[in-house]
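Contents: one structure, followed by commentary.
First the proteins, then the strands, lettered A, B, ... as listed; each starts at 1. All values reported here derive from a predicted model rather than from experimental measurement.
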Amino acid sequence: MVAIRLPDGSTKNFPGAVTGAEVAAAIGPGLARAALAMKIDGALADLKTVIARDAAVEIVTAKSPEALGLIRHDAAHVLAQAVQELYPGTQITFGPAIEDGFYYDFARNDTFTPEDFPKIEARMREIVDRNLDIAREVWSRDDAARHFAQIGEKYKAEWVREIPDGEDISIYRQGDWLDLCTGPHLPSTGKLPKAFKLTKVSGAYWRGDARNAQLQRIYGTAWASEEQLKAYLTRLEEAERRDHRRLGREMNLFHLQEEAAGAVFWHPKGWTLFRTLESYVRMRLDRDGYAEVKTPQIVDRKLWEASGHWDKFKDAMFLATPRAEGAAAEDGGRVYAIKPMNCPGAVQIFKQGLKSYRDLPLRLAEFGACHRYEPSGALHGIMRVRAFTQDDAHIFCTEDQITAESIRFCDLLRSVYADLGFTDVHVKFSDRPPVRAGTDAIWDKAERALEEASKAAGLETTRNPGEGAFYGPKLEFVLRDAIGRDWQCGTLQVDFVLPERLDATYIGEDGQKHRPVMLHRAMLGSFERFMGVLIEHFAGRLPLWLAPVQAVAATIVSDADAYAREAVAQMQANGLRVELDLRNEKIGYKVREHTLAKVPLLFAIGRREAEKRTVALRRLGSEAQETLALDEAIAKVRNEAQVPRAAR
RNA sequence: GCCGCCGUAGCUCAGUGGUAGAGCACGUCCUUGGUAAGGACGGGGUCGAGUGUUCAAUUCACUCCGGCGGCACCA
């Protein structure tokens, strides 16, 4: 007898081994129809799996949180079958479920284009209509390897050989189509909702390695219902509306052009935002015990060789040599590199003069402009550029101070993010990468120190194996934006390696030389990227204190021009970023324009206002008007526009 | 860097083997209008760059540059 415990606490007894489908049927015909898979003692399994012992079983339906993953994984298989039916000779490789959808990687000589999608989607629907039974089989390694080799699936054959001993080699059969897959899967293709859509094709490397063959990846999205699919497509449109490249142009913040690919031309408004952000961060650092420095832009490559960056990153560095005849020789044949990062420079400042343990921790901040030759395919708007400014700082401290400094930084970071409108932050812990500097003993120490520190700072971290910097492990702070997207911005890295390589020392209490530890840290990461994130997070509707143009004073009739000028001058004298719109246009036109430009405040000034020395205030996103005396309006707006924590 | 797609006016986009068009924006004039587009007229393009095919290339081919979507990379 087999006793099956159900989620509601009840137990159903069966005379012998049962399948999930039978359990579902025993509960009710509705559930039997809706069943997609099950969980046996919490582990996801096919409905056809035979349960031979007592267990807790939960039937998974389209409403279960696990359903989307199953649906997407099945959609990937149906896609693969459709593609192989339509394009014989195409090899299959991998096709997992991913966030919001799925993909499948194919090897084929001809290329897929989006024009192929309608045909493939139609075939996918047809496969759903065929309602093919999906069943798991366990094969021997030899049989599986032989089978895939025989039918020309060399990627599958390769993979079969690498499945560890002791693991089942499971094959899913869907009609007469087979795939090597761990599952689980829906009981038949007919259970797959038709709420899917192919979205894009791209290249992808076999096993994620650029040295391997490039495959063709077809992406799709799949949902439990048409409504969900529609909602997803709407979400994509929303993301497109927020695109910082589009808003940057529309709001006249910046532009990019090919003579300086990967570098930003900041327009007055964009630069105003940049400066506002910079001075805010500077204020926070000033108040948190940092000293700001500035290090050279062009530095002899010897320094980068010493730091280890040359070895690892020389291909991504810009070089600079004097151009004048004979100058290079006169200069001792030096080769300079434009700095790709600030840390070696910070170490040079630390090394000036003897440092005592009494000087530690020493927090050196730098708004460092760095240049890196990023691969052309990596460039993306202002989010991934070749010239950027970090809100960088290096904290030189003793090992004992790591924890306290980490806590202090995390506190600052949380508060800064909150001021900037981000409260949903999670933290990744990236440990030692395969290629690294420093001994394992040093890495053990560094990882332990960072773990302790992050625990002490009250952070919950998820592990990110092998993703640390070459000189040390790091915490990465990921912000979730208004529409649920994640952006990695802040970082905290523990570094025992660079102080050693660049020979930084301090004199300890014992009168002996010691190595300081270096903490590399950034909050925004790069201003360029962070500004892109801000723009997208707020959809261009920046909070008043950040808005490059906080208000526009727009006249209704030209008789009000003189008063409007005076009002704007007063506002500007009070530190508000206000523009004057005296154009020969109707107020409706001006309202529309400034609304589209996402200016937070609009002061309409007509004859009435000029006579009574008032302004009619309209706020972005509202149609209400509020008439205020000029002085009152200035006081009010000034208060609202205050930089967070600026008041003393 | 790799795969695919794209590059026509400031922006969004039509279009053609015989050297180009719309809407918005811009300029001038009229209009002084009370909260999301008032009217008239006008200027504006080496059709990304180069090479080739052709009597003729913005259109076809190739190379390069840049952009977009992924992949890889990200000190």
- Query: Which nucleotides of nucleotides 33-38 of chain B have their base under 4.0 Å from a protein heavy atom (B), which only their sugar-phosphate (S), and which neither (-), written as one string 5' to 3'?
  - Reply: BBBBBB
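- Side-chain contact, A:Lys428 with A:Thr461: no donor N or O sits under 3.5 Å from an acceptor N or O.
- Mapping A:Gln257 and A:Thr113 onto RNA chain B by nearest heavy atom places A:Thr113 at the nucleotide closer to the 5' end.
- With a cut-off of 3.5 Å on both pairing distances, B:C47 has no Watson-Crick or G-U wobble partner at all.
- In this view, A:Arg432 and A:Arg436, A:Asp440, A:Trp443, A:Asp444, A:Glu447 satisfy the side chain to side chain contact (heavy atoms under 4.5 Å, CB included) rule, not counting sequence neighbours.
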- Message: Apply ring-ring contact (aromatic ring centres under 6.0 Å, His included) to residues A:Tyr104 and A:Phe106 and explain how you reach the verdict.
- Response: CA-CA 6 Å; A:Tyr104 209 109; A:Phe106 300 99; 5.1 Å; yes
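- The residues A:Glu593 and A:Lys590 are annotated as not salt-bridged, no charged nitrogen and carboxylate oxygen being separated by less than 4.0 angstrom.
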Polar pairs (N or O, both sides) under 3.5 Å between protein and nucleotides 10-15 of chain B?
residue, atom, partner, partner atom, Å
B:U12, OP1, A:Arg249, NH2, 3.2

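- B:G43 and B:G34 have their P atoms separated by 34 Å, with the value rounded to a whole Å.
- Of the C1' atoms belonging to B:G67 and B:C29, the separation is 40 Å, rounded to the nearest Å.
- As the counterpart of B:C11, B:G23 is assigned, both hydrogen-bonding distances of the Watson-Crick or G-U wobble pattern falling under 3.5 Å.
- Pairing partner, B:G52: B:C60, with both Watson-Crick or wobble hydrogen-bond distances short of 3.5 Å.
- Between the side chains of A:Trp206 and A:Glu158, at least one donor-acceptor pair of N or O atoms lies under 3.5 Å.
- Taking the P atoms as reference points, B:C47 lies 41 Å from B:C74, given to the whole Å.
- Remark: the separation of the P atoms in B:G52 and B:U59 is 14 Å, to the nearest Å.
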Please enumerate all protein N or O atoms sitting under 3.5 Å from an N or O of nucleotides 39-48 of chain B, with distances to 0.1 Å.
none

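- Remark: the separation of the P atoms in B:A75 and B:G15 is 45 Å, to the nearest Å.
- Across all strands shown, B:A40 forms a Watson-Crick or G-U wobble pair, both distances under 3.5 Å, with B:U28.
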- Message: Within the 4.0 Å limit for protein heavy atoms, which parts of nucleotides 67-75 of chain B are touched? Write it as a string from 5' to 3', B for base, S for sugar-phosphate only, - for none.
- Response: SSBBBBBBB
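- Checked against side chain to side chain contact (heavy atoms under 4.5 Å, CB included), A:Ile442 has the following partners two or more places apart in sequence or in another chain: A:Thr439, A:Phe496, A:Val497.
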